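Just so it is clear, the model here is predicted, and its values are computed rather than measured. Just so you know, ligand 1 is whichever comes first in the structure, and atom 1 is the first atom listed for that ligand.
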Amino acid sequence: MTAAVTLPADLIDNLKAALGPKGWSQDPQEIAPHVQDWRGRYKGETPILLKPASTGEVSAVVRLCAEAGVAITPQGGNTSLCGAATPQGEVLISLKRMTAVREIDTDNDSMTVEAGCVLESLQQTAEGTNRLFPLSLGSQGSAMIGGLISTNAGGVHVLRYGMTRELVLGLEAVLPDGTIWSGLTGLRKDNTGYDLKQLLIGAEGTLGIITAATLKLYPRPGRMELAFIGMNSVDDAVKFLGMAKQVSGGAVTAFEVMPNLALEFVLMRIPNTRDPLEAKHPWYVVCEMSFGRPDGARETMEAALEQGFEAGLVQDAVIAENEAQMQDLWRLRESIAEAERGQGLAVKHDVSIPVSKMSAFIDVATQRVNRDFPDGIVVAFGHVGDGNVHYNIACIDPDAHAGFMARAGEMSKIVYDTVDEFGGSISAEHGIGILKREELANRKPVDVKVMRAIKQALDPKGIMNPRVLF
Ligand SMILES: O=C(O)CC[C@@H](O)C(=O)O
Ligand SMILES: [Zn+2]
């Protein structure tokens with residue numbers, strides 16, 4: 001792995017000297033997990049893994065690479081689903097040693113943390129000060145905040161708290177020439193021209209390396225209620241979403257939809273899971289509500305379910321009685337990606353559609369896919385409450401997998417053309433990476449032209465994550 005790409009010997013020496021013995025590795029065993037993506041779709045290589053422990057160190061090594069015109073791939077928890085963090089010969093900079101919580105300001109409801117902090121640990125840090133950091137997703141046990149910001153991650157709470165973009169108040173980053181940009185601020189109002197942090201958020205490491213961030217904190221809900229609901233259709237789910245929002249006065253904080261097949265995959269592949277409902281239903285909804293106080297919380301969830309039942313939308317439902325049951329219900333939804341991975345590679349489409357058109361989109365796209373690809377099976381699940389569906393197509397016959405994946409482009413064309421017809425986006429929350437860059441160029445040529453101009457202005461040598469986005 002390490003031998004294939006060679007860098008000038010003096011650059012290697014200077015990089016090592018800038019970081020000290022703990023700050024780099026050329027050990028193939030240590031490097032191996034860093035040069036393969038989570039799904040096993042992309043395999044890469046790097047001449048050296050750098051592990052800076054401070055912003056100053058990141059700046060020093062970026063400067064050295066910039067001077068030598070050598071390209072860099074930044075990496076956080078390496079949970080990208082689009083290949084954005086797999087180096088193909090670039091110098092790999094992992095932020096995993098930058099894990100300090102620099103400041104918590106409870107009066108300002110903010111915390112300033114370094115890029116290598118794992119999301120789950122930040123949720124716990126916030127909880128320790130009786131606050132909530134609402135970003136929440138399946139890979140939270142390993143995803144790091146720098147990468148989550150770089151990809152503008154979504155997750156299950158977008159419906160109420162927005163994407164990562166909306167949770168960031170300030171950023172610190174190392175620009176492609178090694179300059180440190182100190183934009184760490186806890187301000188909620190700052191109208192001083194272009195908002196540079198927003199350029200870096202979602203840039204997938206192409207404009208610089210995020211080293212720290214000031215994040216928004218929220219009050220911790222006094223009580224949460226979680227229901228697992230059996231339904232007949234996505235249309236019914238969307239109707240029930242409107243009802244639940246109204247009945248609860250806007251307390252719905254997550255609204256996830258999954259088909260029976262996704263539940264079957266989970267029950268088959270993930271230990272300690274069981275179907276909480278007695279009968280099978282074509283679709284399931286995981287609906288979470290958050291309240292300031294416990295009083296009336298359960299009654300509100302029950303009232304919403306009752307109304308849904310009377311309207312023929314809710315077929316059956318169970319409400320979690322305690323924290324452990326909540327976790328069990330969440331596991332059914334959050335482990336779909338892992339269960340699906342166990343089934344083999346699928347042709348994945350992380351798309352968004354206006355919520356009002358979600359059901360029609362799924363119907364039309366599925367008719368088209370079934371017509372042209374009878375060997376494919378659609379597993380559409382996800383964050384329907386915020387208009388994001390993971391429209392994945394799995395191969396029915398595991399032995400015919402390679403041939404199936406070879407037709408991924410044709411399948412994706414059908415799906416993305418349908419997304420365009422419905423006014424949606426070809427990437428809702430996973431980003432572009434290397435997976436969707438041609439698609440982006442074809443479907444948003446003017447946007448890409450402007451993005452290239454910005455890239456050229458900030459990274460004229462093109463060294464920051466050079467194969468990603470474009
Ligand atoms: O694997 C997928 O397609 C989706 C992964 C993740 O975004 C999820 O919502 O579970
Ligand atoms: Zn998702």
pair Met411-Val369: side-chain heavy atoms closer than 4.5 Å: no
Kindly compute the distance separating OG1 (Thr79) from NE2 (His430), expressed to the nearest 0.5 Å. 9.5 Å
Quick check on contacts: which atoms of ligand 1 are under 4.0 angstrom from a heavy atom of His383? 9 (O)
Considering the heavy atoms of Arg333, write down every atom of ligand 1 situated less than 4.0 Å from one of them. 8 (C), 9 (O), 10 (O)
Relative to each other, are the rings of Tyr391 and His349 parallel, tilted or perpendicular (30° and 60° limits)? tilted
State, without any angle test, whether Glu340 and Asn392 hold a side-chain donor-acceptor pair at a distance under 3.5 Å. yes
With a 4.0 Å cut-off on N to O distance, would you call Lys43 and Asp37 a salt bridge? no
His430 near the Zn ion (ligand 2): N/O/S under 2.8 Å: no
At a threshold of 2.8 Å, where the distance has to be below it, does the Zn ion (ligand 2) have an N, O or S atom of Asp350 nearby? no
Backbone or side chain, does any N or O of Asn392 fall under 3.5 Å from an N or O of ligand 1? yes
Is the shortest N/O to N/O distance between His430 and ligand 1 below 3.5 Å? yes
Taking the Zn ion (ligand 2) as the vertex, how big is the angle to NE2 in His390 and NE2 in His383, rounded to 10°? 100°
Out of Met98, Glu114, Lys96, which residue meets the side chain to side chain contact (heavy atoms under 4.5 Å, CB included) rule with Met144? Lys96
Name the option, out of Glu340, Lys348, His390, that contains the heavy atom nearest to atom 2 (C) of ligand 1. Lys348
Exceeds 12 heavy-atom contacts within 6.0 angstrom, atom NZ of Lys280: yes
Take every heavy atom of Arg341, measure it against each atom of ligand 1, and state whether any distance is under 4.0 Å. no
For the Zn ion (ligand 2), the closest N/O/S atom belonging to Glu429: OE2
